[in-house]
Structures are given as C-alpha cells and as structure tokens.
Amino acid sequence: MAKVLCVLYDDPTEGYPASYARDGLPVIDHYPGGQTTPTPEAVDFTPGHLLGSVSGELGLRRFLEAAGHTLVVTSDKEGAGSVFDRELPDADIVISQPFWPAYLTADRIAAAKNLKLAVTAGIGSDHVDLDAAIAHGVTVAEVTYCNSISVAEHVVMSILALVRNYLPSHRVAVEGGWNIADCVARSYDLEGMQVGTVAAGRIGLAVLRRLAPFDVALHYTDRHRLPRAVEEELGLTFHESAADMVPHCDVVTVNAPLHPETEGLFGDELLGTMKRGAYLINTARARIVDRDAVDRALRDGRLAGYAGDVWFPQPAPADHPWRSMPHHGMTPHISGSSLSAQARYAAGTREILESWFAGRPIREEYLIVDGGALAGAGAHSYSVSG
C-alpha cells in the first residue's frame, strides 16, 4: 500500500464553501486538437466544487482509502519543521499544484527514500528538480492541457485590463470617484497593436486564436515552428527568438515553460529592447523574468504595464516588490485554478493514480520524466542541465 502526500492551498478565509455561484459546469470532453479530457474510471467529487484546497482533497480520499492507501493532505510546505518535510521521507507519491507548489528540490528528493511518483495537479512541473528526479528514478507526471484554456483566458483578460486601464478605473468607482480623465489618461485600444507570444504551445496558440478577432497583428517565437496552415490562418509572423520578436511588439505575453533556456530571459537587456510603453504579461513562471528589472522598467516608463499571476517563491512574501510596483495587474497564482479547471485536474490526477496502481502506462501526454529520462510532454517542453 502507498502513502500519498498531497500539498494543496488553504481553504477560503471564511471556511469551505457550503454553496457555489453556479449550479454546474459545461461538459467538455476534449481539447482543441482532439486530446480527450481526463478519463478516470470514476470520480468522488462534484464538478464545480472547490477541489484544490485542503478540504477539497482533489476528491481523492475515498478512492485511496478504499484501496488501503494512506492520504496525507496539508498546506504546510515551507521549512524543515513543515508537515510536508515531516511526512516526505516515507511518502511513495507526492501530489501538488503549481499554484501552491511543494518544491521537490534535489535535497528533498534524496531524503524521500520511498518516493516513486510526483504528480502535478495542473500544468508545469518546474517545482520538481527534474535532474534529481531522473537520477533517482522518480516518475514525474502532470495533467497536460487540463487548464491551458483557463490560462489563455486569463492572459487575454490581463492584456485588456492593462491596455484599457481597467483596474485603476474600477478602483475609482469603488472609492466613490468619477474623474474620467484619471481613468482614461492611460487607456488605449488594443485594436491595431502588435502582439507577440513567447512560445506557441497549447496556451500560447490558444491566446493567439483568442486575440485574432481583436484585429491585432500577431507574432510568435517558439523552438517548434507552427504549421504553415496555422500561420496563414491567423496571419502570424514567426521570429527565431524572443530577442528578434519583442522590439516589434506593443504587447508581449510569456507562455513558455521554465527551464535553463528561459530562466532570466526578460532581464534589463531584453526589456531595454522593447518599445517604450509596451505591456508584458507573464502567466508562465516568475523566474522567466528578472523580478527587479521588471520593477525598474515600470518605474522608468519602459513598460506601461505588467500583469500575470506567477511569483517566486509561491506564496510571495508580503514585501515582494511586485505587490507595490506601479501599473501592475498581478494576482495570486489563480489563472489555472478556476473551478472549471479544478474538475479536470482532479480527474486527471485520479486517472494518473489509477494507471500507476494498476501497473498500466500513464498517458504519454501526461509524462514529464519516466524511466530515468525526459518523456512525453516533458521531452517536448523541458530541457535539463545535464
């Protein structure tokens, strides 16, 4: 029998919900391109309920305990005295979310003598040291595509919020004001702007498709070029690198995984090549940009706005400069954790566990590391330092 250690974010401050704003979710059985949504043998939760917090338990407890496994769920993940560190040494499986990541460092993996499987309930496994996972024979899997559209919607929302100066204008209304000039002095139309994405995988391409009706000029860079038919359909301009692309863009959105090639990509040098007054959106990973360089670029006017929901570390400390820098639209890491997305990544987590316990292969598209090497989606998206 296995010990499953699950790290999830805290319940709402007013307690776990007794009711919800809507009665259910639209039924989606496949993603763009044809990949099916998760197909576990069963689920023990109601789609649309809060599954990603500690009381939601990803709907896993009944399933795991009925099979004789042990489930430990906690939000306490930081420091040597944390529940996570205390429970990790004899855990067989670790589950966490990108929004509240349990950082599986090389030291933690070395200390987890029983660890065989690390599951990301969501997309993005950079909180796992992939080199260490490979060295110790730990399989790493994530629920690929489960919240890609959720994040793409957040990107489009963030772009419009920054360009139209929505958040400060909303604040004027909340605070009882009505000075229209204050609201529109930094408000522009998105129409006609040059918009580029760093990476055009599932999320980046979904962003491009959603922006096309806004009559913008679309650009992208990716190490895997899109088919010509897609480029022609959306009127895309391909660039060999981010450095080639960003000088042309009024808006840049980052939709790339974090790995050695992308870490620190947007520092003072690259930001300095962007148009004065450009907007930068990052819902990918915080360390793709230089924290302090972004702050400087907003204060000196190089950037007109920065938005996203990814921070490092997560949760971000109260004195993190992105909380107080001007002209930002930051949120906690929520873009991929809508109630709609939670239903999919909870189901996908159960599907992965069902396959693991039954000795069946995990879906290829869910695999990041397997058999001592990058595999599946991991081989496509990640690189390792070795």
(message) Has Lys77 got a side-chain atom pairing as donor or acceptor with Pro101's backbone, closer than 3.5 angstrom?
(response) yes
(request) Using the rule that two of Ile, Leu, Val, Met, Phe, Trp, Tyr join whenever any of their side-chain heavy atoms come within less than 4.5 Å, decide whether Val216 and Leu236 are in one cluster. (result) yes
(request) Begin from the C-alpha positions of Asp76 and Ser82 and carry the test side-chain hydrogen bond (donor to acceptor under 3.5 Å, both in side chains) through to its verdict. (result) CA-CA 6 Å; Asp76 182 16; Ser82 68; 4.9 Å; no
(request) Could you give me the CA-CA distance, side-chain angles and deciding distance for Tyr145 and Arg344, then say whether side-chain contact (heavy atoms from CB on, under 4.5 Å) is met? (result) CA-CA 9 Å; Tyr145 224 152; Arg344 292 188 293 272; over 6 Å; no
(request) May I ask you to decide whether Asp44 forms a salt bridge with Arg350, counting only side-chain N to carboxylate O separations under 4.0 Å? (result) yes
(request) Grab the two heavy atoms, one from Asn165 and one from Cys183, that are nearest each other, plus how far apart they are. (result) ND2-O, 2.9 Å
(message) Please determine whether a side-chain nitrogen of the Lys or Arg among Asp92 and Lys3 lies less than 4.0 Å from a carboxylate oxygen of the Asp or Glu.
(response) no
(request) Applying ring pair (Phe, Tyr, Trp, His ring centres under 6.0 Å), name anything that partners His320, two or more places apart in sequence or on another chain. (result) Trp311, Trp322
(message) Quick one, Asp244 and Thr221 - any side-chain contact, counting heavy atoms below 4.5 Å?
(response) no
(request) Just do the side-chain contact (heavy atoms from CB on, under 4.5 Å) check on Tyr9 and Ser75 with the steps written out, would you? (result) CA-CA 5 Å; Tyr9 46 74; Ser75 64; 5.8 Å; no
(request) Verify, without hydrogens or angle tests, whether His328 (side chain) and Met330 (backbone) share a donor-acceptor contact under 3.5 angstrom. (result) yes
(message) I want to check something: taking the side chain as every heavy atom from C-beta on, are Val128 and Val94 in contact at a cut-off of under 4.5 Å?
(response) no
(request) Using a strict cut-off of less than 4.0 Å between a Lys/Arg side-chain nitrogen and an Asp/Glu carboxylate oxygen, indicate whether Glu191 and Arg164 qualify as a salt bridge. (result) no
(message) Using a 6.0 Å cut-off, check whether atom CG of Asp29 has over 12 heavy atoms from anything other than its own residue.
(response) yes
(message) Below 30° counts as parallel, above 60° as perpendicular, anything between as tilted: where do the rings of Phe238 and Tyr220 land?
(response) tilted
(request) Could you go through the side-chain contact (heavy atoms from CB on, under 4.5 Å) check for Phe312 and Arg291 one step at a time? (result) CA-CA 9 Å; Phe312 183 81; Arg291 184 195 69 175; over 6 Å; no
(request) Hey, could you give me the CD/CG distance between Glu231 and Leu218, rounded to the nearest 0.5 Å? (result) 11.5 Å
(message) Strictly distance-based, threshold 3.5 Å: is any side-chain N or O of Arg86 a donor or acceptor partner for the main-chain N or O of Gly81?
(response) yes
(request) Answer yes or no: does atom CZ of Arg360 have more than 12 heavy-atom neighbours from other residues, nucleotides or ligands under 6.0 Å? (result) yes
(message) On a heavy-atom basis, which atom in Leu25 and which in Ser340 lie closest, and how many Å separate them?
(response) CD2-OG, 3.6 Å
(message) Under a 3.5 Å threshold, yes or no: a donor from one side chain and an acceptor from the other, between His219 and Gln194?
(response) yes
(message) If hydrophobic clusters are built from ILVMFWY residues whose side chains come within less than 4.5 Å, do Leu353 and Leu5 share one?
(response) yes
(request) May I ask you to test the Tyr103-Gln314 pair for a side-chain heavy-atom distance under 4.5 Å? (result) yes
(request) Please examine the side chains of His333 and Gln97, heavy atoms only from C-beta on, and report whether any two atoms are closer than 4.5 Å. (result) no
(message) For Ser53 and Asp11, which I'm curious about, is there any donor-acceptor pair between the side chains at under 3.5 Å?
(response) yes
(request) Establish whether Phe214 and Leu280 are linked, either directly or via other cluster members, by ILVMFWY side-chain heavy-atom contacts under 4.5 Å. (result) no
(request) Grab the two heavy atoms, one from Ala341 and one from Gly336, that are nearest each other, plus how far apart they are. (result) CB-O, 3.4 Å
(request) Establish, yes or no, whether a centroid distance under 6.0 Å links the rings of His49 and Tyr20. (result) yes
(message) To the closest 0.5 Å, what do you measure between OG1 (Thr262) and CD1 (Ile288)?
(response) 4.0 Å
(message) Could you report the tightest heavy-atom contact between Leu258 and Arg287, atom names first, then the distance?
(response) CD2-NH2, 3.5 Å
(message) Side chains of Phe357 and Leu64, heavy atoms from C-beta outward: is any pair under 4.5 Å?
(response) yes
(request) Indicate if Tyr366 and Val43 have the same hydrophobic cluster label, given that clusters are the connected sets of ILVMFWY residues with side-chain heavy-atom separations under 4.5 angstrom. (result) no
(message) Checking Arg363 now: which residues fulfil salt bridge (Lys or Arg N to Asp or Glu O under 4.0 Å) with it, not counting sequence neighbours?
(response) Glu351, Glu365
(request) Keeping the roles fixed (side chain from Asn179, backbone from Asp182), state whether a donor-acceptor pair exists under 3.5 Å. (result) yes
(message) Test your reading of the model: is there a side-chain donor-acceptor pair from Lys113 to the backbone of Ala111, 3.5 Å cut-off?
(response) no
(message) Show the nearest heavy-atom pair for residues Leu58 and Gly52, with the distance to one decimal.
(response) CD2-CA, 4.3 Å
(request) Taking all heavy atoms of Asp290 and all of Gly267, pick out the closest pair and write down the distance. (result) CB-CA, 3.9 Å
(request) Please confirm whether the backbone N or O of Leu205 pairs with a side-chain atom of Arg209, one donor and one acceptor, at under 3.5 Å? (result) no
(message) Does this structure show an ion pair linking Arg285 with Glu263, if we count only N-O contacts that are shorter than 4.0 Å?
(response) no
(request) Apply the test side-chain contact (heavy atoms from CB on, under 4.5 Å) to residues Ile95 and Val4: give CA-CA distance (whole Å), side-chain angles for both, the deciding distance (0.1 Å), then the verdict. (result) CA-CA 7 Å; Ile95 302 169; Val4 181; 3.6 Å; yes
(message) Ignoring hydrogens and geometry beyond distance, is a side-chain donor-acceptor pair present between Ser335 and Asp309 at under 3.5 Å?
(response) yes
(request) Just jot down the ring pair (Phe, Tyr, Trp, His ring centres under 6.0 Å) partners of Tyr279, sequence neighbours excluded, or say none. (result) none
(message) Looking at Ser150, is its backbone amide N or carbonyl O close enough to the side chain of Asn147 to form a donor-acceptor pair, meaning the two atoms are under 3.5 Å apart?
(response) no
(request) Check whether any side-chain heavy atom of His69 lies under 4.5 Å from a side-chain heavy atom of Glu65, and answer yes or no. (result) no
(request) For residues Val163 and Met193, determine if any side-chain heavy atom of one lies less than 4.5 Å from a side-chain heavy atom of the other. (result) yes
(request) Would you give the length of the straight line joining atom CD1 of Ile123 to atom OH of Tyr345, rounded to the nearest 0.5 angstrom? (result) 11.0 Å
(request) Drop me the distance from Glu233's CD to Leu208's CG, to the nearest 0.5 angstrom. (result) 10.5 Å
(request) Would you kindly say whether Thr197 and Asn255 are connected by a side-chain donor-acceptor distance under 3.5 Å? (result) yes
(message) Membership question, hydrophobic clusters at under 4.5 Å side-chain separation (ILVMFWY): are Val195 and Phe266 in the same one?
(response) no
(message) If I take atom CG from residue Leu60 and atom CG from residue Leu51, how far apart are they, to the nearest 0.5 angstrom?
(response) 9.0 Å
(request) Calculate, to the nearest 0.5 Å, the distance between atoms CD1 and OG belonging to Ile368 and Ser125 respectively. (result) 4.5 Å
(request) Taking the side chain as every heavy atom from C-beta outward, state whether Val72 and Cys6 have any pair of such atoms under 4.5 Å apart. (result) no
(message) Test your reading of the model: is there a side-chain donor-acceptor pair from Arg323 to the backbone of Ala316, 3.5 Å cut-off?
(response) yes
(message) Between Arg299 and Asp295 (salt bridge meaning N to carboxylate O under 4.0 Å), is one present in this structure?
(response) yes
(message) Regarding Thr139 and Asp370, do their side chains bring together a donor and an acceptor under 3.5 Å, going by distance alone?
(response) yes
(message) Test your reading of the model: is there a side-chain donor-acceptor pair from Thr273 to the backbone of Leu270, 3.5 Å cut-off?
(response) yes
